[in-house]
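Taking it in order: structure first as structure tokens, then the write-up.
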Amino acid sequence: MKRYWVGGLAGLLLAVILVGCGTQGATGQVESLSPEEIKDKIQNSEEAYILVTDTSEEEEREEYINLVEDNIEEIDVQEINAQNPKILDGEIKLSEIGLEGSELFQSLSYYEDGKLQERISLREQKYETLKDRKQAIHQFIDETSF
């Protein structure tokens, strides 16, 4: 009888821990899209967060995606790699998608009703530490999300 009581208590404790872990640290996600999908997202959404990477090295691209994904909460970000073959071959220009302006590459942008509202650079050179970059992302999200 004592064994069942201990087992039941352990099971209850485990359930409480799992529920607590599931509710803490809820994060949004970064989804990689094609140029056409990005264009559609920007033009047909009231709000859109766009991460623009520009790297042929998958590891470096993943670093930017992970940096953003680890520092956003409850919002979704769409990512496009400017090294996409359609862009490189000239089939589609970034300006045709709605992506243009200064410091476009390695940036996180906020669009409202199809128009760029704000953008921050995620380049390492802009920040003294990784902590500073993370704080900049949090501040950007706080200022743009309602």
Side-chain angles (χ1 to χ4, degrees), residues 7-146:
L9 184 60
L12 179 62
L13 182 60
L14 180 60
V16 168
I17 290 170
L18 290 175
V19 167
C21 289
T23 58
Q24 289 181 316
T27 60
Q29 67 177 13
V30 175
E31 178 183 18
S32 297
L33 299 178
S34 70
E36 296 84 7
E37 291 169 319
I38 289 286
K39 181 178 181 179
D40 184 60
K41 179 69 176 178
I42 290 172
Q43 290 178 349
N44 297 317
S45 298
E46 288 181 27
E47 296 182 326
Y49 287 91
I50 308 295
L51 169 63
V52 179
T53 57
D54 182 32
T55 179
S56 57
E57 294 180 29
E58 189 61 29
E59 186 175 305
E60 183 181 353
R61 182 172 165 243
E62 285 296 321
E63 283 179 32
Y64 283 104
I65 291 171
N66 291 334
L67 174 68
V68 171
E69 199 164 56
D70 291 346
N71 291 286
I72 57 175
E73 293 183 15
E74 300 179 14
I75 64 164
D76 292 328
V77 174
Q78 282 64 48
E79 181 264 347
I80 184 167
N81 186 354
Q83 296 291 319
N84 182 291
K86 288 184 178 182
I87 295 169
L88 291 176
D89 293 343
E91 289 178 43
I92 192 164
K93 295 179 181 168
L94 289 171
S95 60
E96 293 172 342
I97 299 170
L99 300 172
E100 54 191 328
S102 64
E103 298 191 16
L104 175 63
F105 303 117
Q106 278 64 265
S107 70
L108 180 60
S109 302
Y110 172 70
Y111 289 81
E112 195 172 281
D113 297 321
K115 295 190 178 12
L116 175 65
Q117 299 299 309
E118 290 189 51
R119 171 177 293 144
I120 62 165
S121 174
L122 300 177
R123 293 177 186 258
E124 289 180 28
Q125 303 89 307
K126 293 278 185 183
Y127 306 96
E128 288 187 30
T129 66
L130 178 59
K131 183 179 178 181
D132 291 341
R133 258 198 317 177
K134 289 178 179 183
Q135 286 177 330
I137 293 170
H138 285 282
Q139 182 177 349
F140 179 77
I141 298 300
D142 289 344
E143 291 173 358
T144 56
S145 63
F146 302 100

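All figures in this text were calculated on a predicted structure; none of them were measured in a lab.
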Rounded distance (nearest 0.5 Å) linking atom CD of Q83 with atom CZ of F105: 8.0 Å

How long is the gap from OG on S32 to CD on E62, to the nearest 0.5 Å? 7.0 Å

L99 side, atom CG; K39 side, atom NZ - distance, nearest 0.5 Å: 11.0 Å

N66 vs D70, side chain to side chain donor-acceptor pair (under 3.5 Å): CA-CA, chis, key distance, verdict: CA-CA 6 Å; N66 291 334; D70 291 346; 6.0 Å; no

What residue pairs, at least two apart or across chains, pass salt bridge (Lys or Arg N to Asp or Glu O under 4.0 Å) with a residue in residues 45-61? E58-R61, R61-E79

Side chain to side chain contact (heavy atoms under 4.5 Å, CB included) partners for T144, two or more places apart: Y49, Y110, E118, F140

Counting only N and O atoms by type, is there a donor-acceptor contact under 3.5 Å from the side chain of S107 to the main-chain atoms of S109? no

Derivation of the side chain to side chain contact (heavy atoms under 4.5 Å, CB included) call for L51 and L122: CA-CA 9 Å; L51 169 63; L122 300 177; 3.6 Å; yes

Does the pair E103 and K126 meet the rule for a side chain to side chain contact (heavy atoms under 4.5 Å, CB included), with working shown? CA-CA 11 Å; E103 298 191 16; K126 293 278 185 183; 2.9 Å; yes

Kindly compute the distance separating CD1 (I42) from NZ (K115), expressed to the nearest 0.5 Å. 12.0 Å

Side chains of L67 and E63 in contact at under 4.5 Å (non-hydrogen atoms): no

Taking all non-hydrogen atoms of both residues, which atom of P35 and which atom of N84 are closest, and how far apart? CD-ND2, 3.5 Å

So how far is it from E69 CD to D76 CG, rounded to the nearest 0.5 Å? 9.5 Å

pair Y64-V52: side-chain heavy atoms closer than 4.5 Å: no

Take I141 and N71 through the side chain to side chain contact (heavy atoms under 4.5 Å, CB included) test and state the conclusion after the steps. CA-CA 9 Å; I141 298 300; N71 291 286; over 6 Å; no

Is a side-chain N or O of Q78 found less than 3.5 angstrom from the main chain of I38, in a donor-acceptor match? no

Those residues at least two apart in sequence (or on a different chain) that pass side chain to side chain contact (heavy atoms under 4.5 Å, CB included) with D132 are Y127, E128, T129, Q135

S34 OG to E36 CD distance, which is reported to the nearest 0.5 Å: 4.5 Å

After noting the C-alpha distance and the side-chain angles of I87 and I80, does the key distance pass the side chain to side chain contact (heavy atoms under 4.5 Å, CB included) rule? CA-CA 10 Å; I87 295 169; I80 184 167; 4.0 Å; yes

